[in-house]
Amino acid sequence: MSPLRRRALETPASVLFPFPDRPFLWGVAVSHYQVEGDDACDWTAWEAAGRTRGGACGPAVGSWARYEEDAALAAALGANAFRFSVSWSRVEPRRGRFDGEALARYARLVDRLAALGLEPVVTLHHYTHPPWFHGETPWTSPASVDAFARFAREAVRALGPAVRCFTALNEPFVLLLGGFLGGEIPPGLSDARAARLALDNLLAAHVAAAAEIRGACPGAAVGVAHNMMLFAPDRGRHPLDRALASRARRVYNGGLLEAFATGRWDLWIPPFARLKGRRDGLPSSLDFVGVNYYSRLHLRAGLGVPGLARFGYRDRTGRGLTDNGWEVVPEGLAEVLREASAAVGKPLLVTENGLADGSDARRASFLADHVAALSAVHAEGVPVAGYLHWSLLDNYEWLDGWGPKFGLVEVDRTTMARRPRPSAEVFRRLGERLLAERGSKG
Ligand code: IFM
């Protein structure tokens, strides 16, 4: 075992998260592919093959040339943190050949964020892969771990010690379920064995990336951004619906948490997939749990349907569904934060929370209600170190393309002009209050 790897097996005493000089992070989140534009990767091929409902990403919202403007917008909204991701395909367009200019571009963004008083929160993997990845070093092969570790090493070295907050992987379970069991996103597999191997390697990649981060940026905090949901029985008292909802919660929310808490996982995903594994270095490779929370799913048992269940969104809170049909359940944020804290016992960061709302009719109350849920759970003693809103900008919403509008800031995709929506002012005021309450720098 290399000294670097060995070091990652122990949580370094020097990691202090939440940061003493900035105990609460209040900010926004974006991801490279969804905003940068013209990034040739596996998703571009997926779009070209007609596998998305919402068309192609194309120039996105041009952030590759406008990140500095975007950072300034976030600062003007009172943020003290900015989450973005590094595009693996830009940085390593050919296997083993790193693009120094792409790395330098991200380093310039980090400088700008620092100058504006924004804490960079850097994600290393947010769904997309370089065009060569699935053919040469797929997640089903241990070669993926080395490939990801090498990319992580180049990225963290280029970004430098100014970055002290990383999420190595964004929503690994969404990638796993959609890419290896559901066949809906790249690499488009529906194969239980491939899923088992992919989970094993994804978690090994997290451990390896944590070692690289700790080697290059001593004291940096390493997290995972985990998509968590509420699951409810569609027919409230129906025993099968109840059993399904509780299993879905155990697997979808709890599976990854358990893996990070214990270094072991054993998941049965109906009907046929059993994913079982062990990685002893996993618990100590994590300093915080990032929670991405959006909505609640209602499950109804049904024979002859995939996974033996139908699931969907319903407006059971009476708040109305979002533009992409998701239920709005603010108290669910408190529930998933409690769940993550109880399972892993590490500090939490809300790495994503938001809604698709093109008319901006619901965003202000959505924000206020979710922030109230966060404050309530913090008052109970759950250690929540920050909230990052998804998203700063209207961006490319994967399979749904350009339909859903998640931005505090609206983007005109013809001119790429940015215009804050009225709810952006609500975001600013909420942040001002929260940062003052939590004694954090704006
Ligand atoms: O846009 C996505 C993001 O890339 C990952 N988390 C959920 C968001 C909304 O669907």
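Position 1 is the first residue of the sequence; numbering continues from there. Worth saying up front: this structure is predicted, and the values here are computed from it rather than measured. Whatever order the structure lists ligands and atoms in, that order sets their numbers, starting from 1.
- At a 4.0 Å heavy-atom cut-off, ligand 1 touches W326 through the side chain alone.
- In this structure, A65 and R105 approach most closely via the heavy-atom pair C-NH2, 4.3 Å.
- Contact atoms of ligand 1 toward E397: 1 (O), 2 (C), 9 (C), 10 (O) (distance under 4.0 Å to a heavy atom of the residue).
- Of the inter-residue distances, the one linking L286 atom CG with H226 atom NE2 reads 11.0 Å to the nearest 0.5 angstrom.
- Of the N or O atoms in W398, one or more lie within a sub-3.5 Å distance of an N or O in ligand 1.
- V86 and H32 make their closest contact through O-ND1, 3.8 Å (heavy atoms, listed as atom of the first residue, atom of the second, distance).
- Residue-to-ligand polar distances keep N170 apart from ligand 1: every N/O pair is separated by 3.5 Å or more.
- To the nearest 0.5 angstrom, L169 atom CG is 11.5 Å from L176 atom CG.
- Between Y387 and H370, the ring centre distance reaches or exceeds 6.0 Å.
- Between D394 and the choices R419, R421, R413, the salt bridge (Lys or Arg N to Asp or Glu O under 4.0 Å) rule is met once, by R421.
- Numbered from 1 in the order shown, with element, the atoms of ligand 1 that lie under 4.0 Å from a heavy atom of H126 read 3 (C), 4 (O), 5 (C).
- By heavy-atom distance, the residue among E352, Q34, E171 lying nearest atom 4 (O) of ligand 1 is Q34.
- Protein heavy atom nearest atom 8 (C) of ligand 1, with residue, atom name and distance: Y294 OH, 3.4 Å.
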